[in-house]
Trainee: 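Here it is: the structure, laid out below.
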Amino acid sequence: MSNLKKVLRAREVTSFLFLAALFVIVGLINPKFFSVSSISACFNSSVVYTLVAVGMAFAIFVGEIDVSVGSTLGFVATVVGSLLRDGANWIFAFTMGLIIGAIVGLINGWGVAVMKVPSLIFTLGTNGILRGMMYIYAGGAWVENLPKDFKDFSSVTMIGQFTVYYCCAVLLVVSIHLLLTRTRRGRYFIAVGDNASGATLVGIPATRTKVTAYVICGLMSALAGIIFCSRIGFVTSTSGSGYDMKAVAACVLGGISLTGGVGTVIGAAIGAVIMASISYLLVFMGFSSNYDNAITGVILITIVVADALMQHRTAEKNRRARLAARTSVAEEVKGGVRL
């Protein structure tokens, strides 16, 4: 019974139950949603969100944020798409994309962890630079006429109606989760986000951990850009816009605290499915997908406020517990003096 309570209290379990409830509600409104193709489409369409959200999770784990993930995605998609269009082989194009993502992450990590620039400000600057580079690299034009086999690969299924991309994304998320929870270095990220100064005192390299978190974030955004390029089939000068907010929302929905040190990448992946499904579910409910951004904003504000209230409640509960303990000790000492 105690183990069951512990599982139910896990934040990612709450997120999964919310996702299941959302699917049930939409299915009751429109029974056509209750089909394998419709439900699998929600998961398949979330693969790009999942990768970006997992990358964002690393930045949030260490108590920071990265608002350049969308522009990293867009710039990598532009470069990879252009290379493939011009006849480059897949391995070379993908390697170049991942190198770009790693370099962007390294620059962000250096600015935030080493130079101590606020993460929101530094990554916002990076976002602007990458947007400009996207426009310059492509000359303001769309990147089109990508190889047909590259575009068709996005629809290849692996298990049932789940695509190869989504199955590989799930495998990657599970692997990362195990590394974060079962290895000593993996637990550094949560430790630094929980208390960077305390982590340093016990020998954890806080600065290096933050830089590593940003490099991983850049790599995940780059990988998302490659898959985005394959799934959409073209890249515009605004590709990737809005993914920053959706990635943060997915992390928060998945139970990751914006203050750092709390959450799992599995929660981020579940939150990504919710974010990716919103526009799809709106269609089944008879609403326009134009409400997507508005609903995303409402969900983000609601969850953040709820998380802040929960943290305040926990802090107040701990404060009262410490006060009660001190009062009890004082009374015992006072009683001993009287004796």
Trainee: Does a donor on one side chain and an acceptor on the other come within less than 3.5 Å for Tyr165 and Ser230?
Mentor: yes
Trainee: Return the minimal non-hydrogen interatomic distance between Ser38 and Lys32, and the atom names on each side.
Mentor: OG-O, 3.7 Å
Trainee: Would you please test Phe23 and Ile39 for side-chain contact (heavy atoms from CB on, under 4.5 Å) and show each step?
Mentor: CA-CA 8 Å; Phe23 281 0; Ile39 295 176; 4.1 Å; yes
Trainee: Mind checking whether Trp142 and Phe234 have parallel, tilted or perpendicular rings, split at 30° and 60°?
Mentor: parallel
Trainee: Within a strict 4.5 Å, meaning less than it, do heavy atoms of the Met158 and Thr163 side chains meet?
Mentor: no
Trainee: Just so I know, are the side chains of Leu180 and Thr264 near enough to count as touching, which here means a heavy-atom distance under 4.5 Å?
Mentor: no
Trainee: Below 4.5 Å, heavy atoms only, C-beta onward: do Asp66 and Val69 meet side chain to side chain?
Mentor: yes
Trainee: Is any side-chain heavy atom of Leu223 less than 4.5 Å from a side-chain heavy atom of Phe94?
Mentor: no
Trainee: Does any non-hydrogen side-chain atom of Tyr214 lie less than 4.5 Å from one of Trp110?
Mentor: no
Trainee: Ignoring hydrogens and geometry beyond distance, is a side-chain donor-acceptor pair present between Asp244 and Ser68 at under 3.5 Å?
Mentor: no
Trainee: Examine the side chains of Thr123 and Thr126 and answer whether a donor and an acceptor come within less than 3.5 Å of each other.
Mentor: no
Trainee: Kindly indicate whether the side chain of Leu253, heavy atoms from C-beta on, has any atom under 4.5 Å from the side chain of Ile270.
Mentor: no
Trainee: Mark yes or no for whether Asp86, through its side chain, and Gly81, through its backbone, hold a donor-acceptor pair below 3.5 Å.
Mentor: no
Trainee: Using side-chain heavy atoms (C-beta onward) and a distance below 4.5 Å, is Leu172 in contact with Met220?
Mentor: yes
Trainee: Do Leu51 and Val156 share a hydrophobic cluster (ILVMFWY, side-chain heavy atoms under 4.5 Å, transitive)?
Mentor: yes
Trainee: With a 4.5 Å cut-off on side-chain heavy atoms, are Val192 and Lys210 touching?
Mentor: yes
